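Notes follow the structure.
All of these numbers come straight from a predicted model, not from anything done at the bench. Naming: A, B, ... by sequence-line order, numbering from 1 per chain.
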Protein chains: 2
Amino acid sequence: MKKTISLSEMKDKYLGMPGTIERDQYEYELRMDVLGKMIRAARLERKLTQEELGRLVGVQKAQISKLESSANSATIDTILKVFKALQAEVSFYVKMEDNFLQIP
Amino acid sequence: MKKTISLSEMKDKYLGMPGTIERDQYEYELRMDVLGKMIRAARLERKLTQEELGRLVGVQKAQISKLESSANSATIDTILKVFKALQAEVSFYVKMEDNFLQIP
DNA sequence: TTAATTGTTTCCATTTTTAGAAACTAATAT
DNA sequence: ATATTAGTTTCTAAAAATGGAAACAATTAA
């Protein structure tokens, strides 16, 4: 007999576990290695292998591996393709330091 | 005589004006065209020309123009180089839809 | 242990981005 | 209007990312 639970309940259960995507209020500095870790976390939450995710995205498992381990940089387009295949939304924001300006 | 005001005060004054970076709570979908607009907004807040920003980053003004108008995609590394030159921090987060999972 | 699965690394070819330079357009100032 | 500044587009070459394939390593299952 199978039991159906929501992803929210899963998050409640596994919140804070390494390798899982945490709640919305968690923000990350935009860096390639952090992005790679997020891709891996999202893939694992979807219970996919790199090969399966590769099929969804349309690339080979080797590309997914390279992205997750941030072997090199990546283009925005590639990042978006992968998160889209994982049915995940990515948001960002920019914060500028509170420098002082001279008003003439 | 010059008057010195903080960037916060500037934001208070110009909040909502087109082409300015708005407050932290404003989030943006991670897309190349939105990133380009943010680069332009940040550059203008720093009161820099494309040529000056190019010098800071170490590229020609043409590259800056291409990024801002999102003529093509861009690598994460390039995006970060530009925002760093603008002394701006970029954060992101991933939200996964609340799908249902089958637990065996 | 062995077999099967999953993930990593390497090689090569192709595509795309990055870069400099110059020509061009648009906007601003004198 | 003309000159100056700012931004865009095009051209070329170089660097880097992407992609397929196979070999390799690591993990898991039987």
Query raised in the report: How close or far is atom C1' of dG7(C) from atom CG of L67(A), stated in whole angstroms?
Result: 14 Å
Query raised in the report: Of the residues in residues 49-61 of chain A, which ones touch DNA chain C at a heavy-atom distance under 4.0 Å?
Result: T49(A), Q50(A), K61(A)
Report task. Measure the shortest side-chain to side-chain distance between L48(A) and L86(A) over non-hydrogen atoms and say whether it is less than 4.5 angstrom. Result -> yes
**Report entry** Spacing of L44(A) atom CG and R46(A) atom CZ [to the nearest 0.5 Å]
**Finding:** 12.0 Å
Query raised in the report: If every non-hydrogen atom of S73(B) is compared with every non-hydrogen atom of M32(B), which pair is closest and at what distance?
Result: CA-CG, 4.0 Å
Query raised in the report: Rounded to the nearest 0.5 Å, how far apart are CG of L35(A) and CD1 of I76(A)?
Result: 8.0 Å
Query - Terminal axes of the helix from dT1(C)-dA30(D) to dT30(C)-dA1(D) (five pairs each): angle between them, nearest 10 degrees - result: 50°
Query raised in the report: To the nearest angstrom, how far is L80(B) atom CG from dT18(C) atom C1'?
Result: 15 Å
Query raised in the report: Would you call E27(A) and Y93(A) a side-chain contact if the rule is heavy atoms closer than 4.5 Å?
Result: yes
Report task. Give, for atom CG of L30(A) and atom CG of L80(B), the distance between the pair rounded to the nearest 0.5 Å. Result -> 5.0 Å
Query raised in the report: Is the distance from OP1 or OP2 of dG7(C) to the nearest side-chain N or O of R43(A) less than 4.0 Å?
Result: yes
Query raised in the report: Taking OP1 and OP2 of dT8(C), is either one under 4.0 Å from a side-chain nitrogen or oxygen of R40(A)?
Result: yes
Report summary line: Between CG of L48(B) and C1' of dG7(D) the distance, given in whole Å, is 15 Å
Report task. Give the rounded distance in Å between these two atoms: CD1 of I39(B) and P of dT18(C). Result -> 10 Å
Query raised in the report: Which of residues 68-76 of chain A have a heavy atom under 4.0 Å from DNA chain D?
Result: N72(A), S73(A), A74(A), T75(A)
Query - dT8(C) phosphate, OP1 or OP2, under 4.0 Å from S65(A) side-chain N/O - result: yes
Query raised in the report: For the pair made of CD in Q63(B) and P in dT18(C), what is the distance, rounded to whole Å?
Result: 8 Å
Query raised in the report: With sequence neighbours left out, what residues match E52(B) under salt bridge (charged side-chain N to carboxylate O under 4.0 Å, His left out)?
Result: none
Report task. Figure out the CG/P separation between D77(A) and dG19(D), and round it to whole Å. Result -> 10 Å
Query - Between C1' of dG7(C) and CG of L44(A), the distance in whole Å - result: 12 Å
Requested in this report: Indicate yes or no: at least one non-hydrogen side-chain atom of I79(A) is less than 4.5 angstrom from one of V90(A).
Outcome: no
Report summary line: Closest non-hydrogen contact found for E45(A) with M96(B) is OE1-SD, 4.0 Å
Query raised in the report: Between OG1 of T49(B) and CZ of R55(B), what distance do you get to the nearest 0.5 Å?
Result: 7.0 Å
Report task. Carefully, step by step, assess Y28(A) and K37(A) under the rule side chain to side chain contact (heavy atoms under 4.5 Å, CB included). Result -> CA-CA 11 Å; Y28(A) 306 89; K37(A) 283 178 181 134; over 6 Å; no
Report task. Would you name the heavy atoms of M38(A) and F92(B) that are closest together and state the gap between them? Result -> CG-CZ, 3.8 Å
Could I get a table of every N or O pair under 3.5 Å where one atom is in the protein and the other is in nucleotides 10-12 of chain D?
none

For residues 56-68 of chain B, tabulate all N or O donor-acceptor pairs below 3.5 Å that involve a side-chain atom, not counting sequence neighbours.
from	atom 1	to	atom 2	distance (Å)
E68(B)	OE1	R40(B)	NE	2.7
E68(B)	OE1	R40(B)	NH2	2.8
E68(B)	OE1	R43(B)	NH2	3.1
E68(B)	OE1	Q50(B)	NE2	3.0
E68(B)	OE2	R43(B)	NE	2.6
E68(B)	OE2	R43(B)	NH2	3.4

Report task. Evaluate the side-chain proximity of V94(B) to F83(A): yes if any heavy-atom separation is below 4.5 Å, no if none is. Result -> yes
